[in-house]
Amino acid sequence: MSRKLSLKELREAFENGYDLQNIECDWEKLDGEDWWRLLCKHPQFADKCDWKKLNGTSWSSLLEHQPLFADKCDWSKLNDENW
């Protein structure tokens, strides 16, 4: 039986480019910055994302790398500096 990765372990895994295909994590613990960093490189985890956690900066960074998530974006969170 596999265990869920801690937030620290997950951050280290995606910062170091590990294969994340078969990981388990407590997804609720990820914040907006964690989500954009993860989804930029691993968009397959989008179904686990709590999109409300992303702020304007997170959305700007994510959409720069993965414009396919534009339909999920709360555009009201973006301000002048995010554009």
Note to self: Nearest 0.5 angstrom please: Arg37 CZ to Leu62 CG, how far?
What the structure shows: 12.0 Å
Margin query: Could you measure the distance from the CD atom of Gln44 to the CG atom of Leu38? Nearest 0.5 Å is fine.
Written below: 7.5 Å
Next item on the list: Could you list the residues that satisfy ring pair (Phe, Tyr, Trp, His ring centres under 6.0 Å) with Trp27, not counting sequence neighbours?
Entry: Trp35, Phe45
Next item on the list: Could you pull out all residues at least two apart from Gln66 that satisfy side chain to side chain donor-acceptor pair (under 3.5 Å)?
Entry: none
Notebook entry, point to check: Taking only residues two or more places apart in sequence, or in another chain, which ones meet Ser61 in a side chain to side chain donor-acceptor pair (under 3.5 Å)?
Noted result: none
Margin query: Going by side-chain contact (heavy atoms from CB on, under 4.5 Å), name the residues that satisfy it together with Trp75, two or more places apart in sequence or in a different chain.
Written below: Leu63, Ala70, Cys73, Leu78, Trp83
Next item on the list: Indicate the atoms forming the closest heavy-atom contact of Lys29 with Asp34, along with that distance.
Entry: O-OD2, 4.3 Å
Item checked: Partners passing ring pair (Phe, Tyr, Trp, His ring centres under 6.0 Å) against Trp59 (at least two apart in sequence or in another chain) -> Trp51
Checklist line | Set of residues satisfying side-chain contact (heavy atoms from CB on, under 4.5 Å) with respect to Ser60, sequence neighbours excluded | finding: Asn82
Check: Considering residues at least two apart in sequence or located in another chain, which fulfil the salt bridge (charged side-chain N to carboxylate O under 4.0 Å, His left out) criterion with Asp74?
Finding: none
Note to self: Looking at every non-hydrogen atom in both residues, tell me the closest pair between Leu39 and Ala46 and how far apart they are.
What the structure shows: CD2-N, 3.5 Å
Note to self: Once salt bridge (Lys or Arg N to Asp or Glu O under 4.0 Å) is applied, what residue pairs with a partner in residues 49-71 remain, sequence neighbours excluded?
What the structure shows: Asp50-Lys52
